[in-house]
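Here's the structure we're looking at; comments come further down.
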Amino acid sequence: MRSIQEDILKSITYNFNGLNSFLLKANLWPGMLYGFSYQKNKKKSGGLNTEERLVKITNHAIKSVPYYTRLYSSPVSDIEDFGQKIGLIDRQIVASHQDDFVSQSVNLKKYTSVTTGGTSGKPLRFQINKNRHAVELAFMHNLWKRAGWDNHTRGVLRNHHLPTNRDFIINPVTKEVIFDNFRLSHDYVKVINKVLKRYNIRYFHAYPSAAYEFCKLSRDAGMDLSFISAFLCGSESVLDFQKALITDEMGIRIFSWYGHSEKLVLGGYCEYSDHYHIESEYGYFELVDEHGIRITEPGKVGEIVGTTYYNYGMPLIRYRTGDYAEYVGDMCDACKRKMLLIKNIQGRWENNRIYKIDGTYISTTALNLHSDLYSYIDGLQYVQKRPGELRVLIIKNQTFNTNYEQLFRDHFQKSFGSDNQVMIDYVDKLIINPNGKFELLISNNKKIN
Ligand SMILES: [Zn+2]
């Protein structure tokens, strides 16, 4: 069952824009509307004993969650004991023992069941605290403050299909003006531009792919976007060609963060740096190598492993997210905060695999272009239907000339291997999934894993 707050958040957007526009202007302190969990988490700023919270939830799991009770007979004493004793779990393990991960001693009326899709394998169903959205908002708002956002009204360009008679809808509670990213065209970006100016919107919450499409269409139509302070971007990695257009060419910052549907760890950029700063109060973060050993060496790449501090109903402990990142350090020289820093986050590794004819594979990173080649194009995507064959979709920009075609062909052919076939298609638009998200690689071979 959804909470009343959730119902308000979901249904209010379908009011007339005129009424919501009035409510939007009247809502000067939105934090007051989000409730106690929001206020409590909003105030947090370091100093909490994360070890105590980690030990507490782990011992709760050992005592009352069947999966852990079977594996561990005694409680953990401290963080070191935790690291030595508790093994890693992954999506596959949780998916095949879903009921065994639910606590026997928690009132499940305070929890709600959610299912995440995932790109391969079985969808994962799990229990999550009903007040979790308030906790999330509090953490997100603290992050966005680093981008200069301070309760400003936000434009939203994510996975919203709007009714055909509405160009935008307004949520006066969350202070969002929501657009339809499936409708992006030269005419529609003009409409968006007008609405952004009317509501004095400087922060745009968007998928990087939608921000990119919006910027490209706006640039081509000669529209000025200098009033936008930042794109707030989660859910997808920011790709080099997106940053080249949005930040280098148009001068707009992309402020990105990393989170995931299991809600175990969270990290975002700071005001100055494009490294992800891990929020130690959100959950317990580890980066581990292929043997499960914790990485503390700058430049090393490992898998992101998370442990919840919040979800006593279905605690996931040392859960491998399937996402990979590079370790940077434990202190940011720019903002002077002592936090774990990571960069180059790569989504579920297997989804980046491009298979060769001999059954081996390379990752999409292996096909990365040199930066001078990126400057000739406005977009890039890979499509693989069968091993040994790769279609590369490229959007040319004005600086592209036919001499470069051979450079691109040579680059991809060399990286993919001469026994394999590369086809380059020059296109006007890249492919967006039905859920509105962009994937760098669209592959039929993901099920192989
Ligand atoms: Zn920093």
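As the structure lists them, so they are numbered: ligands from 1, and atoms in each ligand from 1. Keep in mind the model is a prediction, meaning the values are calculated, not measured. Positions are given from 1 along the sequence.
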Cation-pi, Y188 ring and R183 (6.0 angstrom, 45 degrees): yes

Per residue H277, nearest N, O or S atom to the Zn ion (ligand 1) is named NE2

Check your understanding: Are the aromatic rings of Y258 and Y276 close, with centres under 6.0 Å apart?
Key -> no

Worksheet entry | N, O or S atom of C335 closer to the Zn ion (ligand 1) than 2.8 Å | yes

Q) Are the aromatic rings of W149 and H141 close, with centres under 6.0 Å apart? A) yes

Taking the Zn ion (ligand 1) as the apex, C270 SG and C332 SG span an angle, rounded to 10°, of 120°

- Query: How are the rings of F204 and F231 set relative to one another: parallel (under 30°), tilted (30 to 60°) or perpendicular (over 60°)?
  - Reply: parallel

